Amino acid sequence: MKKLLIALGAAWFGLTLASGAQADPIRIGAKVFTEQAILAELTGQYLSRHGYQPEIVGGLGSTIAWNGVKNAQLDLTWEYTGTSLVAYNHVTERLDKDASYQRVKQLDAKVGLAWLAPTRFNNTYAQALPEKVARQHPELNSISDLAGLLKAEAGKRHLTALDIEFANRSDGLAGLVKAYGLSYTRDDIRQMDPGLVYTALRNGQVFTGLVYTTDGRLDAFKLKVLEDDKGYFPDYTAAPVVNARYLERHPDLATLLKPLAESLDQATMRQLNAKVDIERQTPAQVARDFLAQHPLDGGQ
């Protein structure tokens, strides 16, 4: 009996070592905003069920996260097609969703980065109206409609709120004004922190504001998003981007993350973001609840 117990103990110890050996570390980088924290938590918790030992490195600037994966200081990050096109590859051509993804996949492969299967959401820029303005101007459905109203009411103040980065980029406000012929004066522009843009819109302090299309506050604050009818804003479909050498060592990663990415559409991402920004849940809790409610292929 004693020999049997020793044998069983040895077998259990061996299984424990084998299990530990399968726990491959993966360093997941996340930028400093809500959606990125949620995506990192979803990825980490999901992969921990499949033999990975995740380490989330959050609060990163966009370029730092990107270079971290390029230089193998990180193994994975979630990136947006438009960010890679515009910020990293300096592509000014306007491409649709599929063309954007294929272009960044091709370009970034040259610097050792692999784009995996994309999500079904596009977190791009948009112009939005406060609820009160939308009720007063039901004819405003697109940015072209807005341009027409600004011309018709020239001389009347129409305050617009936008974040400081977008206000000062050549492919930001200046390009938007040129593309649509928006008649903004210097006094109409209010530059502020991105979060304060939503506050200004909710409180009706501005006529329009620059928003992000998967932000949970769009629905919570009853904001009306105007159609980008001239296709000025790039596509910003999100996808996991992995260091190519890490992927060579862990080829299962592409198969594992595909169902997770495909489970995230526009409405779902807005809801998840709202749980953090409006309901004040933690990204970790939001990720746990989502994975519990949405069993994915191969999930446990």
Side-chain angles (χ1 to χ4, degrees), residues 17-31 35-58 60 62-81 83-85 88-89 97-98 100-123 236-265 268-269 272 283-284 286-288 290-300:
L17 288 177
S19 176
Q22 293 173 0
D24 296 319
I26 183 166
R27 298 162 298 179
I28 304 167
K31 304 179 192 181
E35 184 167 285
Q36 285 276 305
I38 294 171
L39 290 171
E41 283 289 347
L42 283 170
T43 309
Q45 292 182 32
Y46 176 63
L47 290 179
S48 69
R49 305 175 181 181
H50 298 278
Y52 284 86
Q53 182 180 352
E55 176 191 352
I56 295 176
V57 184
L60 302 177
S62 184
T63 303
I64 292 174
W66 186 251
N67 287 333
V69 179
K70 276 176 57 177
N71 299 329
Q73 296 167 317
L74 297 168
D75 304 309
L76 178 151
T77 192
W78 286 79
E79 193 50 271
Y80 304 87
T81 53
T83 303
S84 175
L85 279 177
Y88 308 140
N89 289 295
K97 177 180 178 178
D98 293 337
S100 295
Y101 177 78
Q102 293 302 326
R103 182 72 64 86
V104 296
K105 188 174 183 179
Q106 177 187 37
L107 290 172
D108 294 332
K110 298 176 183 178
V111 293
L113 295 170
W115 283 75
L116 304 186
T119 64
R120 295 186 291 130
F121 72 83
N122 169 25
N123 188 9
Y236 283 86
T237 294
V241 178
V242 186
N243 179 278
R245 290 185 178 179
Y246 185 89
L247 187 61
E248 287 176 4
R249 299 193 302 272
H250 303 87
D252 64 319
L253 206 56
T255 302
L256 281 174
L257 288 178
K258 188 173 188 290
L260 175 60
E262 292 178 345
S263 71
L264 301 172
D265 60 18
T268 299
M269 203 65 239
L272 296 180
V286 170
R288 276 194 296 272
F290 179 83
L291 292 173
Q293 295 164 11
H294 300 80
L296 304 173
D297 292 347
Q300 298 177 1

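Not measured: the values here are computed from a predicted model. Computed over heavy atoms, backbone and side chain alike; hydrogens, waters and symmetry mates excluded.
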The criterion is side-chain hydrogen bond (donor to acceptor under 3.5 Å, both in side chains); which residues satisfy it with [X], sequence neighbours excluded?
X    : answer
T81  : D235
T63  : none
R245 : none

*Set of salt bridge (charged side-chain N to carboxylate O under 4.0 Å, His left out) partners for D252, sequence neighbours left out*: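 D252 satisfies salt bridge (charged side-chain N to carboxylate O under 4.0 Å, His left out) with no residue once adjacent residues are dropped.
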Any side-chain heavy atom of [X] sitting closer than 4.5 Å to one from [Y]?
X    : Y    : answer
I38  : M269 : yes
T43  : P54  : no
L47  : L257 : yes
Y246 : L76  : no
T77  : L60  : no

*Working for side-chain contact (heavy atoms from CB on, under 4.5 Å), residues W66 and T83*: CA-CA 10 Å; W66 186 251; T83 303; over 6 Å; no
*Residues that Y80 engages under ring-ring contact (aromatic ring centres under 6.0 Å, His included), provided they are two or more places apart*: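 Y80: no ring-ring contact (aromatic ring centres under 6.0 Å, His included) contacts found.
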*Which residues pass the ring-ring contact (aromatic ring centres under 6.0 Å, His included) test with W78, sequence neighbours left out?*
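Here no residue qualifies.
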Who pairs with [X] by side chain to side chain contact (heavy atoms under 4.5 Å, CB included), at least two apart in sequence or on another chain?
X    : answer
A109 : none
L107 : N89, V91, R103, K110
S263 : L260, F290, L296

*Looking only at non-hydrogen atoms, find the nearest pair between L247 and A254 and report the distance.*
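Looks like CD1-N, 4.2 Å.
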*asked:* Quick check: closest heavy atoms across N122 and T237, and the distance to 0.1 Å?
replied: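 Taking every non-hydrogen atom into account, OD1-N, 3.8 Å.
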*Scan residues 63-79 for pairs that pass salt bridge (charged side-chain N to carboxylate O under 4.0 Å, His left out), counting only residues two or more places apart or in two chains.*
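Every salt bridge (charged side-chain N to carboxylate O under 4.0 Å, His left out) pair that includes a residue of residues 63-79, provided the two are not neighbours, is R27-D75, K31-E79.
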_Rounded distance (nearest 0.5 Å) linking atom CD of E55 with atom CD1 of I28_ =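 E55 atom CD to I28 atom CD1 measures 9.5 Å (nearest 0.5 Å).
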*Show the numbers, then the answer: is there a side-chain contact (heavy atoms from CB on, under 4.5 Å) between D24 and H250?*
CA-CA 9 Å; D24 296 319; H250 303 87; 3.6 Å; yes
*asked:* Run L42 and L291 through side-chain contact (heavy atoms from CB on, under 4.5 Å) and show every step you take.
replied: CA-CA 8 Å; L42 283 170; L291 292 173; 4.1 Å; yes
Review item, side-chain donor-acceptor pairs of residues 114-121, under 3.5 Å, at least two apart:
{"residue": "W115", "atom": "NE1", "partner": "D108", "partner atom": "OD2", "Å": "2.8"}
{"residue": "T119", "atom": "OG1", "partner": "F121", "partner atom": "N", "Å": "3.4"}
{"residue": "T119", "atom": "OG1", "partner": "F121", "partner atom": "O", "Å": "3.4"}
{"residue": "T119", "atom": "OG1", "partner": "A238", "partner atom": "O", "Å": "2.9"}
{"residue": "R120", "atom": "NE", "partner": "E262", "partner atom": "O", "Å": "2.8"}
{"residue": "R120", "atom": "NH2", "partner": "E262", "partner atom": "O", "Å": "3.2"}

_Using a 3.5 Å distance criterion without hydrogens, assess whether the side chain of Y46 forms a donor-acceptor pair with backbone atoms of L256._
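Yes; judged by distance alone, with no hydrogens or angles, the pair exists.
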